[in-house]
A.B. asks: 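Please find one structure pasted underneath; my questions will follow.
When a residue number appears, it is its place in the shown sequence, counting from 1. No hydrogens, no waters, no symmetry mates; every other heavy atom, side chains included, goes into these values.
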Amino acid sequence: MKKIKALCAAAAALLGAILLTGCGGNLNTDLTISEDLSGVRHMVFTADTEENKDHMTGDVTSITATVASNIPEGIDFTSSVDGTAVTYTFDITFSDLEEYEQKVKGILDAQGKTYSEPLIEWLKPASVFATGISYRENFTTSDLMDWFPTLLVNAGYVKEGDKGNVFYKVAQTYSVLGEEGNSSWVSVDTLTFQPLSGIAFYQTCNPDGTFDRTVQVMVPQSTMDAVGDDVRAFLDERSTSVSTNSWNTDGGVNTYTLEGKHLTADQVSSMMAAFYGRAGETVYSAATPETSESTSLFTVDHSVQEEIDLTDFVSNAYGDVDLTYYVKDNAEYAGAVLKTASGESTLYPYSRDESGFETLFYTYTANCTVDYTAVISYAIDTVNVTLALKNGGNVQRDLEFYFAGKSTAEEMEQFRVKTEKALEGSAAELKDCVLEKDGRIRVLVEYSGPASRCAAAFEPVLGPYSQLEVTTNAHAPLYFKKITSVYDAFYLDHVTEQPIGKVNYVLRGIGNVEPYGFDASAMDGRDYKVSYTDYDPGKLISLTLVGEKVNYLAYAVAGLIGLLVLWAVVMVLITVIGGAAKKRRAQKEQMTAPAQEASQAAEEAAPSTEGEGEPAEHPESDLPTTAVAEPAEEAPTGPAVEAPVEAAVEWPDGFVMDGKPAAEATIDGTTELPSGTWLDRKPEAAATEGGAEKAWFGSLLKEAVPTEEDAAPAEEDAPALDEADTPAASTVVAGVRYCLQCGASVPEGANFCIKCGFKME
């Protein structure tokens with residue numbers, strides 16, 4: 001409170017002096033800037049109250065309070081009274097020139113004053129190319145203190161017409177790093193220069209994530225003649241452990257080269273900080289983004305930010321350096337921006353020199369910042385694309401890449417990791433990533449599965465715009481003719497953005513194809529092949545193919561089945577025809593031989609008769625006597641007519657078997673047929689002998705029991721035969737059938753032929 005009262009009293013005395021005398025007061029400034037660039041701007045206003053007492057209006061205490069409460073930010077205010085003398089002190093203190101400039105800008109902005117930047121220009125080269133300092137301000141003390149008389153007029157303590165007399169006298173002195181002056185505009189220039197031809201940066205972003213940095217300082221011979229030893233010592237100290245340096249003289253220009261190869265971003269920063277004289281500071285940074293929509297599979301992005309400080313290389317009164325920044329032409333540079341004291345500008349590489357570098361920017365500056373993104377793609381020598389069509393709508397696609405130039409095992413490992421990471425979650429997989437003997441990297445990506453999923457599987461490699469559609473009319477393994485349609489379209493710019501030496505496309509398993517819409521090569525065997533040279537990866541590869549494929553295996557299988565069916569039909573026909581032929585032969589034999597055999601047998605069996613119509617008496621004989629039925633009116637042409645047995649065959653004792661079929665048996669054998677013995681089959685013809693029944697069929701015998709109906713006297717049952725009724729006159733023997741297989745006569749009731757065993761119908 002006491003301080004405020006003192007300020008008010010001092011202000012009142014000051015204003016009274018101004019108003020009484022009309023002469024105003026003095027405003028003196030002393031600026032001091034030390035070697036460490038800290039300092040103070042000391043502005044002092046003095047006036048005599050006695051001389052100005054007749055022109056004072058208002059309360060002095062109130063006026064002082066008003067001034068104290070309106071001091072601009074950045075100014076320290078004090079006041080004192082010594083008798084009739086009043087003193088106001090306005091100080092601007094700062095620790096460096098940047099703080100000083102910010103405070104000055106705030107004071108001027110508060111008054112509505114606009115000045116072009118920079119407000120302070122400062123240069124003190126720590127270089128052998130320049131000595132001395134350069135310091136300039138584009139404002140005065142009156143500019144900084146204009147708010148003071150304006151405040152007094154607006155508060156009604158000073159008339160508008162007396163505003164210009166508030167500062168009756170303004171003076172300024174300064175001391176800048178020991179250089180003194182006494183003008184209202186602070187300006188110090190004690191620089192002396194040794195010419196410098198220029199500085200060039202060469203920046204190479206390597207695909208493996210490292211950087212090559214080369215810095216060249218061109219020094220004219222005149223400078224080398226004047227301060228050559230100092231220049232050499234100055235530049236040789238700028239080298240670090242990660243860089244090498246060398247000197248070269250050509251055409252009157254001495255070139256100092258500082259070079260580092262395959263450096264990390266931190267190593268580049270260390271190298272350049274030492275060159276700038278800012279060891280230990282970060283002046284260069286670079287980051288490779290984890291993901292980027294524009295980044296191809298075999299492309300590396302570097303986002304670079306670099307702060308360039310060439311203050312130690314200033315060699316002219318303008319405080320700048322002739323700087324050229326080159327970038328390797330193996331990359332695309334996006335979003336390049338240069339920031340200097342005069343503003344910001346967008347950069348584009350605009351020229352190419354013979355060493356394969358492009359000029360990113362060329363400027364005169366001592367300090368600037370550059371930001372850009374370098375998109376680096378590996379050069380690919382050959383791409384092999386193979387699409388094999390499988391059964392069931394499946395495909396197998398192989399993408400094989402061969403990279404141009406010699407590579408390292410580290411680069412191969414980088415490709416392997418990058419590719420595996422890109423294919424995570426995809427149906428495609430990395431099958432191979434090797435470093436070939438010729439130094440080229442070979443990468444193979446493969447997919448096997450449904451054609452409908454192939455495009456999505458290769459999206460990490462071919463990008464989101466690839467398409468594959470396969471349609472066919474046959475899906476089963478065995479088909480006769482298959483028509484397949486294939487539409488395959490893709491870009492390779494997601495793999496690399498550099499031209500590709502050769503692209504080979506092979507389609508397998510489609511058969512004979514007809515290409516549509518492009519000039520394609522002919523079929524190579526069963527594969528369709530097309531090649532492109534010097535291929536632009538941004539150009540669409542599009543193939544529409546319709547193929548026809550014949551399955552000869554299916555035809556062979558069908559032919560074999562047909563032959564088997566034909567063979568079976570032929571065998572059936574042969575069997576049927578052969579059986580029919582045998583049946584006809586048997587029928588023919590039945591028409592001839594059986595009739596003769598029956599007739600002869602009847603003649604032998606029939607008894608002789610002495611008179612017409614009377615049977616002849618025959619002596620007893622060992623041969624059986626067979627009674628025959630009356631002959632039919634006409635001889636049969638077919639098989640023997642079955643007739644009921646009218647007489648029985650009598651088999652005498654002593655009939656023997658000679659091992660032949662029954663039809664061929666004789667009584668001369670060694671085996672005696674016992675009386676009263678039956679065969680094991682149903683008898684076909686029966687005879688009686690002593691009350692026993694006997695029958696023929698085969699060679700097995702068994703006992704038979706005669707019945708009363710069957711037992712009858714043989715002589716009484718045998719009727720007398722006429723001549724016309726003899727067996728010789730009849731073609732059919734009663735009780736006899738004929739075998740269709742061999743034609744032998746068989747008893748009528750037999751189920752099988754007694755000669756060949758054929759089953760009788």
Side-chain angles (χ1 to χ4, degrees), residues 200-215 260-273 282-309 323-340 343-353 355-363 365 367-380 403 410-411 414-415 417-419 421-422 460-465 491-500 536-538:
F201 289 2
Y202 292 86
Q203 169 81 347
T204 300
C205 299
N206 299 315
D208 63 355
T210 63
F211 304 88
D212 295 345
R213 170 54 64 92
T214 300
V215 179
K261 293 286 189 180
H262 291 285
L263 306 179
T264 65
D266 290 341
Q267 289 175 323
V268 176
S269 182
S270 175
M271 170 184 169
M272 297 309 299
T282 299
V283 297
Y284 182 97
S285 62
T288 301
E290 293 295 329
T291 57
S292 174
E293 292 183 359
S294 62
T295 300
S296 302
L297 179 62
F298 303 115
T299 298
V300 178
D301 283 8
H302 294 288
S303 297
V304 176
Q305 183 179 65
E306 182 171 3
E307 296 180 12
I308 299 173
D309 182 1
L323 173 64
T324 306
Y325 194 107
Y326 297 98
V327 290
K328 189 70 174 178
D329 61 4
N330 69 330
E332 297 291 332
Y333 296 88
V337 175
L338 176 66
K339 302 174 184 178
T340 64
E344 182 177 300
S345 58
T346 302
L347 304 174
Y348 302 94
Y350 62 87
S351 67
R352 179 176 299 181
D353 65 13
S355 61
F357 284 87
E358 299 175 323
T359 303
L360 186 63
F361 67 88
Y362 171 76
T363 187
T365 187
N367 299 90
C368 65
T369 300
V370 61
D371 293 282
Y372 58 85
T373 297
V375 182
I376 310 100
S377 298
Y378 272 85
I380 295 181
F403 292 87
E410 290 76 12
E411 291 174 314
Q414 181 192 20
F415 278 173
V417 173
K418 185 176 179 65
T419 306
K421 185 173 183 179
V461 181
L462 299 178
Y465 304 109
Y491 294 92
L492 291 173
D493 58 352
H494 206 70
V495 176
T496 181
E497 296 182 359
Q498 296 191 23
I500 301 173
D536 178 6

A.B. asks: Answer with yes or no whether the side chains of Thr340 and Thr365 bring together a donor and an acceptor at under 3.5 Å.
C.D. replies: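 No, no side-chain donor-acceptor pair sits under 3.5 Å.
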A.B. asks: Is any side-chain heavy atom of Val495 closer than 4.5 Å to a side-chain heavy atom of Ile380?
C.D. replies: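 A side-chain contact under 4.5 Å exists here.
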A.B. asks: Would you call Gln305 and Thr369 a side-chain contact if the rule is heavy atoms closer than 4.5 Å?
C.D. replies: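 Yes; the side chains approach each other to less than 4.5 Å.
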A.B. asks: Under a 3.5 Å threshold, yes or no: a donor from one side chain and an acceptor from the other, between Tyr333 and Gln203?
C.D. replies: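 There is no such pair between these side chains.
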A.B. asks: Find out whether the Lys NZ or Arg CZ of Arg213 is both under 6.0 angstrom from the six-membered ring centre of Phe201 and within 45° of the ring's axis.
C.D. replies: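 Positive - Arg213 is close enough to the ring of Phe201 and near enough to its axis.
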A.B. asks: Could you walk me through whether Asp371 and Lys339 pass side-chain contact (heavy atoms from CB on, under 4.5 Å), step by step?
C.D. replies: CA-CA 8 Å; Asp371 293 282; Lys339 302 174 184 178; 4.0 Å; yes
A.B. asks: Take atom CD of Glu358 as the centre, draw a 6.0 Å sphere, and report whether it contains more than 12 heavy atoms from other residues, nucleotides or ligands.
C.D. replies: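 For Glu358, atom CD is crowded (more than 12 foreign heavy atoms under 6.0 Å).
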A.B. asks: Which value, rounded to the nearest 0.5 Å, describes the distance between Asp266 atom CG and Thr282 atom OG1?
C.D. replies: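 The OG1 atom of Thr282 is 7.5 Å from CG of Asp266, to the nearest 0.5 Å.
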A.B. asks: So, do Phe211 and His302 have ring centers that fall under 6.0 Å from each other?
C.D. replies: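 Judged by ring-centre distance (under 6.0 Å), Phe211 and His302 do meet the cut-off.
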A.B. asks: With a 4.5 Å cut-off on side-chain heavy atoms, are Glu307 and Asp309 touching?
C.D. replies: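 Not touching, per the 4.5 Å side-chain cut-off.
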A.B. asks: Do Val283 and Met272 have side chains that approach each other closer than 4.5 Å (heavy atoms only, starting at C-beta)?
C.D. replies: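 Counting from C-beta outward, Val283 and Met272 do come under 4.5 Å.
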A.B. asks: Supply the atom-to-atom distance Asp329 CG to Thr359 OG1, rounded to the nearest 0.5 angstrom.
C.D. replies: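 Asp329 atom CG to Thr359 atom OG1 measures 11.0 Å (nearest 0.5 Å).
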A.B. asks: Looking at every heavy atom in both Pro499 and Pro537, which two are closest together, and how far apart are they?
C.D. replies: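 Smallest heavy-atom distance, with atoms named: CA-CD, 3.9 Å.
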A.B. asks: Less than 4.5 Å apart, side chain to side chain, heavy atoms only: is that true for Thr204 and Phe357?
C.D. replies: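 Yes - at least one pair of side-chain heavy atoms lies under 4.5 Å apart.
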A.B. asks: Hey, does Tyr372 have a side-chain heavy atom less than 4.5 Å from the side chain of Leu360?
C.D. replies: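 Counting from C-beta outward, Leu360 and Tyr372 do come under 4.5 Å.
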A.B. asks: Below 4.5 Å, heavy atoms only, C-beta onward: do Val370 and Phe361 meet side chain to side chain?
C.D. replies: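 The answer is yes; the side chains approach within 4.5 Å.
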A.B. asks: How far does CG of Asn330 sit from SG of Cys205, to the nearest 0.5 angstrom?
C.D. replies: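 It comes to 7.5 Å.
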A.B. asks: How many angstroms lie between NZ in Lys261 and OG1 in Thr214, if you round to the nearest 0.5 Å?
C.D. replies: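 These two atoms lie 5.5 Å from each other.
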A.B. asks: How long is the straight-line distance from SG of Cys368 back to CG of Leu323, given to the nearest 0.5 Å?
C.D. replies: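 So the gap between those two atoms works out to 6.0 Å.
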A.B. asks: Mind checking the CG-CG spacing from Asp212 to Leu263? Nearest 0.5 Å is all I need.
C.D. replies: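 Taking CG in Asp212 and CG in Leu263, the distance rounds to 7.0 Å.
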A.B. asks: Verify the ring-centre separation between Tyr202 and Tyr325: is it less than 6.0 angstrom?
C.D. replies: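 So the answer is no for these two rings.
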A.B. asks: Write down the atom of Thr210, the atom of His262, and the distance for their closest heavy-atom approach.
C.D. replies: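 Looking at all heavy atoms of both residues, the shortest contact is OG1-ND1, 3.1 Å.
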